[in-house]
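Read the structure below first, then the notes.
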Amino acid sequence: MILWGQKHWIWPVALSTLTLVATDVTGMPPPQTFGKGIPNFPFSSEEQVLFEHTLSPGSEIGAITHMWSTACGTNANPDEFTNNSGVVIYKIYVDGETEPSIELTPRMATGIGFPPGPATGGGSGGGGGGTTPVETQDDEYIVGGRGATCSEACSSLHMQCDANVSGGLSAEYLGDFMAHLVRMDTGATCELDPEGWWAPDQPSYVWAANNSNYGKCLGYTSIPPTVDCDGSHPLVNRLCRCRGSGGSTVRSKAAVPGRVDPVDATVPWGTEWLGRTSDMDGYYWNLPGIPFYRDVKITGMVPPGLKSPFTVYSIVRGHENVPVTVAGRALPNGTLLKLHSLTNLAVPSLGFIPVVNKSTGSGVIFGHVIAIQGNPAFTYLEGCWHLITNISNTGYLPGGLGAGFPGITLSTGMEDYYDSSFYFHAGIFQLPVSGVTHMCAGGGRAIPPHPACTGTPTPTQSEWSAYRIHAKDPLWFTGGTQLIARNGDVAEKTPYGSAKCGNTVMSGGPGPSVVSTLAWVYEWDD
């Protein structure tokens, strides 16, 4: 390898000698860059070629490593792109493919799984909002201490108990919301018991292991109009509705008390691999390389319903004769990068989401994006992630889950996989290997630090999208693989207490979700 910053040159070494060294080390001709800036291209509903490149004579491999995109809207309305940011479609064909290996939108490629939307909570659906915190609603739900009355719990926060604990919320929403608060305040996962309210210390979570209702959230259905603020039981944590100034335990544990985040990541933001650097558009994504061995073609078009022509600026860049490597390992000759994607997949409660599903072949999963619309209080985030390999030998269970389940349990909850905890309790973030780019609660209520989703009518479901890059911890596989996320999870009793992530129980859970995903997978034959 030639270290171009090296100071110990031995003069007189001819430049041709340096070139020969490079050739000897890599086994390839010298590297060279290719690419193109494509200005003011009128995307339309018809697929059009934006860029083509054929390998130079003697070159053995090429790879696209960088793309950038920004839009200027229609010719009739140059400002229209503010409402359609990042939704145009790019398709990448390698080595004469008739169907593209890769099809994506800039928003999805940069981890933002929802289209632009109206301003919410100090931010904007387009990601251009500020970071100024805003105060939440005047009433707050909290989980009180063990054995505490709601009068005591609210008073400790300089608030007053509101006896109308249901607050006009549906039983389904209130139960999910209580489960969410129990998890954030105690770390426990409660089982929702649908039996109606029957005691003045309810709704409540039973924390004591010696009680027959241990681990359950009780009394969140059929709640009377008012509940005694001074009811208590030594074995439960009550769900309380408090009014007045101050904040709940949820707010007090947030990174900035009383803060509500923007819905989308605040622009500018970016990492080594992806980002968005303009509030008006401006998306980029980098990869170890989209390899090709003869030629590559990139096309563009607008999605259905978007006016055309829609003017887009693009940049494509790559190189020849540089091996594609992941975690320092050169990938085999003939490796291809495939984009596995799901669009608006309806997933039942506790169903499994096949982010990657390959029955044969070897490879490495480099990264993914996921977007979920579902339970208003985000309880689908209880779902675990799994990597199942060698499917060509072990086969599938009925329903399509790999027979090697649970395989490698990659996380014990959805947010854990993104190196966070308690439903991203400090707010959304964008870090080098993982990040949350969009998050808002359903039902018209903020769950601090996460704002309420907005729209007409008021959205009943929450929205969440995130990215995970495996540059430091690649997911290698042989004999096929499944990368699986679960729509929520439930615990089973074990000799050591309750546990989740290893069962296929299909009763309970967060309810149905709609899921879109994108996964970058390098593939080669076994």
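Fair warning: this is a prediction, and the values are worked out from it, not measured in the lab.
- The two atoms that bring Ile89 and Phe43 nearest to each other are O-CE2, 4.0 Å, heavy atoms only.
- The closest side-chain heavy-atom distance from Arg238 to Gln202 is not below 4.5 Å.
- Two residues are said to be in side-chain contact when any heavy atoms from C-beta on lie closer than 4.5 Å; Val206 and Leu218 meet this criterion.
- Ion pairing between Asp489 and Lys500 fails under the 4.0 Å rule for side-chain N and carboxylate O.
- Cys440 and Ala452 get closest at one heavy-atom pair: CB-C, 3.9 Å.
- In this structure, OH in Tyr214 is found 11.5 Å from CD in Glu191, a value given to the nearest 0.5 Å.
- Rounded to the nearest 0.5 Å, atoms SG (Cys501) and NE2 (His386) are 5.5 Å apart.
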* Taking it one step at a time, do Asn164 and Arg241 satisfy side-chain contact (heavy atoms from CB on, under 4.5 Å)? -> CA-CA 8 Å; Asn164 180 16; Arg241 186 183 182 196; 3.7 Å; yes

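- For Thr458, the side-chain contact (heavy atoms from CB on, under 4.5 Å) test picks out no residue, with sequence neighbours left out.
- When each of Leu387, Asn357, Ile388, Leu475 is tested with Thr481 by the rule side chain to side chain contact (heavy atoms under 4.5 Å, CB included), just one qualifies, namely Leu387.
- For Ser465 and Thr437, the side-chain atoms include at least one donor-acceptor pair closer than 3.5 Å.
- Side chains of Leu339 and Leu518 form a contact here, defined as non-hydrogen atoms less than 4.5 Å apart.
- Ionic pairing of Arg107 and Asp264 is present here: one or more N-O contacts between side-chain nitrogen and carboxylate oxygen are shorter than 4.0 angstrom.
- Judged purely by atom type and a 3.5 angstrom limit, Asp281 uses its side chain to pair as donor or acceptor with the backbone of Gly86.
- Ion pair Asp473/Arg468 flagged as a salt bridge, since at least one NZ, NE, NH1 or NH2 atom sits closer than 4.0 Å to an Asp/Glu carboxylate oxygen.
- Atom CD1 of Ile102 and atom CG of Leu104 lie 7.0 Å apart (nearest 0.5 Å).
- Counted by atom type alone, Ser314 and Tyr90 present one or more donor-acceptor pairs between their side chains at under 3.5 Å.
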* Evaluate the disulfide (SG to SG under 2.5 Å) criterion for residues Cys242 and Cys161: first the C-alpha distance (whole Å), next the side-chain angles of each, then the deciding distance (0.1 Å), finally the verdict. => CA-CA 5 Å; Cys242 305; Cys161 171; over 6 Å; no

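- Taking both residues in full, the closest heavy atoms of Val182 and Val143 are given as N-CG2, 4.0 Å, listed atom of the first, atom of the second, then distance.
- Atom CG of residue Asn211 and atom NE2 of residue His233 lie 6.5 Å apart, to the nearest 0.5 angstrom.
- For the pair Ile447 and Phe378, the minimum side-chain heavy-atom distance is below 4.5 Å.
- Between the side chains of Ser513 and Asn487, at least one donor-acceptor pair of N or O atoms lies under 3.5 Å.
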* **Cys229 and Cys150: CA distance, side-chain angles, deciding distance, disulfide (SG to SG under 2.5 Å) verdict** => CA-CA 5 Å; Cys229 286; Cys150 283; over 6 Å; no

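- Ionic pairing of Asp162 and Arg243 is present here: one or more N-O contacts between side-chain nitrogen and carboxylate oxygen are shorter than 4.0 angstrom.
- Side-chain atoms of Glu103 never come within 3.5 Å of backbone atoms of Ile92 as a donor-acceptor pair (strictly under, hydrogens ignored).
- Considering all non-hydrogen atoms of both residues, Ser232 and Asp201 come closest at C-CB, 3.7 Å.
- Between the side chains of Tyr423 and Glu382, a donor-acceptor pair is found at a separation under 3.5 Å.
- Here the side chains of Ile484 and Ile353 are not in contact, with every heavy-atom distance at 4.5 Å or above.
- Going from atom CZ of Arg486 over to atom CZ of Phe352 covers 3.5 Å, rounded to the nearest 0.5 Å.
- Side-chain contact of Thr299 with Glu47: a donor-acceptor pair under 3.5 Å is present, judged by distance alone.
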* To do: Could you give me the CA-CA distance, side-chain angles and deciding distance for Glu172 and Asp176, then say whether side-chain contact (heavy atoms from CB on, under 4.5 Å) is met?
  => CA-CA 6 Å; Glu172 180 183 15; Asp176 288 334; 4.0 Å; yes

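- Across all their heavy atoms, Ser222 and Trp197 have their closest contact at O-CB, 3.6 Å.
- Between Thr379 and Leu381, the closest side-chain pair of non-hydrogen atoms is not below 4.5 Å.
- Contacts of Tyr418 classified as ring pair (Phe, Tyr, Trp, His ring centres under 6.0 Å), with partners at least two apart in sequence or in another chain: His368, Trp464.
- Between Phe366 and Trp273, the ring center distance clears the sub-6.0 Å criterion.
- Partners of Phe177 according to the ring pair (Phe, Tyr, Trp, His ring centres under 6.0 Å) rule, which considers only residues two or more places apart in sequence or in another chain, are Tyr141, Tyr173.
- For Tyr417 and His470, the ring centers are positioned less than 6.0 Å apart.
- For the residue pair Leu431 and Tyr467, the shortest heavy atom distance occurs at O-OH, 2.8 Å.
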* To do: For the pair Asp193 and Lys216, evaluate salt bridge (Lys or Arg N to Asp or Glu O under 4.0 Å) and give the outcome as yes or no after the intermediate values.
  => CA-CA 6 Å; Asp193 187 329; Lys216 292 183 179 180; 3.7 Å; yes

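- In terms of modelled atom types and a separation under 3.5 Å, the side chain of Ser420 and the main chain of Asp416 share no donor-acceptor contact.
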* Asked: Yes or no on side-chain contact (heavy atoms from CB on, under 4.5 Å) for Phe424 and Phe429, after CA distance, side-chain angles and deciding distance?
  -> CA-CA 9 Å; Phe424 306 98; Phe429 57 87; 3.7 Å; yes

* In sequence, state the C-alpha distance, the side-chain angles, and the governing distance for Leu274 and Asn286, and then conclude on side-chain contact (heavy atoms from CB on, under 4.5 Å). => CA-CA 6 Å; Leu274 72 175; Asn286 298 321; over 6 Å; no

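- In the model, Glu463 has a side-chain atom that pairs as donor or acceptor with a side-chain atom of His438 under 3.5 Å.
- Counting heavy atoms from C-beta on, the side chains of Trp520 and His340 never come closer than 4.5 Å.
- Between Cys240 and Cys154, the SG-SG separation does not fall below 2.5 Å.
- Annotation: side chain of Leu483 is in contact with side chain of Leu410 (closest heavy-atom distance under 4.5 Å).
- Looking at Tyr380 and Ser462, their side chains do bring a donor and an acceptor atom within 3.5 Å of each other.
- Between atom OH of residue Tyr205 and atom CG of residue Leu235 there is a gap of 11.5 Å, rounded to the nearest 0.5 Å.
- Between Phe405 and Tyr396, a ring centre-to-centre spacing not shorter than 6.0 Å is recorded.
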